[in-house]
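To keep things clear, I will list the structure first and then write my remarks on it.
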Amino acid sequence: MLNIILFGPPGSGKGTQSEGLIKKYALQHLSTGDIFRSEIANQTALGLEAKKFMDKGLLVPDEVVIGMIGSKIDACVEQEVKGFIFDGFPRTIPQAEALDKLMAFKNIPIKIVLSLEVSEEELVKRLLGRGATSGRADDQNEEIIRQRVVEYRSKTEPVAGFYDKQHKLTRVKGEGSVDEIFASLCHAIDSL
Ligand code: B4P
């Protein structure tokens, strides 16, 4: 199974690049951000809990995220998918450890972690741009966007080191056109 983690700061293009990768490699997309936004739209208990954190630019607590992703993986494995693309997950070391355990138990390990590298100024510019048109609450205020970057630097960036130690991390330049970045990601996957 081709199991990929698409990693990077908020606004680095994980959602954008996932769209092309899913089509090219026939993968199952699991985006924790998309799942939370759908739960919020449906006003479920999970959505209401996640919203409290997302609106402030904070990460949703690990126990909420890990429980949710576990049941989504189980549902997909039953459908015999060709592989997963994890977009926006794992975002903390406990999430990475939980995912490793889960995938080892199912004997479907992570093959590659692709890290999109983008400067903070470019991230803020992209997210404010999206906030102006998408109505996404967490993209509308520069202070909240910068808080998301702070969360990323303190809690998420160490996850890159976790996978580097396993020799699974590939860093990819995340600035340039969407097509150029897509070509770099495909090159890394095809070199496996
Ligand atoms: P996510 O939904 O994961 O979103 P994101 O990090 O903001 O964006 P992404 O990197 O996918 O950027 P995109 O392609 O859309 O997270 C939202 C929130 O959910 C988090 O802050 C957190 O609160 C919560 N959450 C989610 N997962 C969690 C977890 N595991 N644990 C705890 N909390 C969790 O691109 C952004 C913009 O850039 C778009 O407008 C796009 O058009 C543009 N863009 C993309 N590529 C570009 C390029 N090459 N050039 C110019 N613009 C580009």
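Whatever order the structure lists them in is the order used to number ligands and atoms, beginning at 1.
Taking CE of M68 as the start and CG of L46 as the end, the distance is 6.0 Å to the nearest 0.5 Å.
Salt bridge present: R146 and E121 bring a charged side-chain N and a carboxylate O closer than 4.0 Å. Remark: E117 engages R171 in a salt bridge, criterion side-chain N to carboxylate O under 4.0 Å.
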Please produce the table of protein N or O atoms sitting under 3.5 Å from N or O atoms belonging to ligand 1, one pair a line, distance to 0.1 Å.
| from | atom 1 | to | atom 2 | distance (Å) |
| --- | --- | --- | --- | --- |
| ligand 1 | 2 (O) | R37 | NH1 | 2.9 |
| ligand 1 | 2 (O) | R37 | NH2 | 2.8 |
| ligand 1 | 3 (O) | R91 | NH1 | 3.1 |
| ligand 1 | 3 (O) | R91 | NH2 | 3.3 |
| ligand 1 | 6 (O) | K14 | NZ | 3.0 |
| ligand 1 | 6 (O) | R91 | NH2 | 3.0 |
| ligand 1 | 7 (O) | R130 | NH2 | 3.3 |
| ligand 1 | 7 (O) | R136 | NH2 | 3.4 |
| ligand 1 | 7 (O) | R148 | NH2 | 2.5 |
| ligand 1 | 8 (O) | G11 | N | 3.3 |
| ligand 1 | 10 (O) | G11 | N | 3.3 |
| ligand 1 | 10 (O) | S12 | N | 3.4 |
| ligand 1 | 10 (O) | G13 | N | 3.4 |
| ligand 1 | 10 (O) | K14 | N | 3.2 |
| ligand 1 | 10 (O) | K14 | NZ | 2.9 |
| ligand 1 | 11 (O) | G15 | N | 2.9 |
| ligand 1 | 14 (O) | K14 | N | 3.4 |
| ligand 1 | 14 (O) | G15 | N | 3.1 |
| ligand 1 | 14 (O) | T16 | N | 2.8 |
| ligand 1 | 14 (O) | T16 | OG1 | 2.8 |
| ligand 1 | 15 (O) | R130 | NH1 | 2.3 |
| ligand 1 | 16 (O) | R91 | NH2 | 3.2 |
| ligand 1 | 23 (O) | L58 | O | 2.8 |
| ligand 1 | 27 (N) | T32 | OG1 | 2.7 |
| ligand 1 | 27 (N) | G88 | O | 3.4 |
| ligand 1 | 27 (N) | R91 | NH1 | 3.0 |
| ligand 1 | 30 (N) | T32 | OG1 | 3.4 |
| ligand 1 | 30 (N) | G88 | O | 3.0 |
| ligand 1 | 30 (N) | Q95 | OE1 | 3.0 |
| ligand 1 | 31 (N) | Q95 | NE2 | 2.9 |
| ligand 1 | 33 (N) | V60 | N | 3.0 |
| ligand 1 | 49 (N) | G176 | O | 3.0 |
| ligand 1 | 52 (N) | R126 | NE | 3.4 |

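Donor-acceptor pairing under 3.5 Å is lacking for the side chains of Q17 and D87.
One N or O on the side chain of E180 and one on the backbone of S177 form a donor-acceptor pair closer than 3.5 Å.
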With a cut-off of 3.5 Å and sequence neighbours excluded, list every side-chain donor-acceptor pair involving residues 50-57.
| from | atom 1 | to | atom 2 | distance (Å) |
| --- | --- | --- | --- | --- |
| K51 | NZ | D55 | OD2 | 2.5 |
| K52 | NZ | E49 | OE1 | 2.9 |

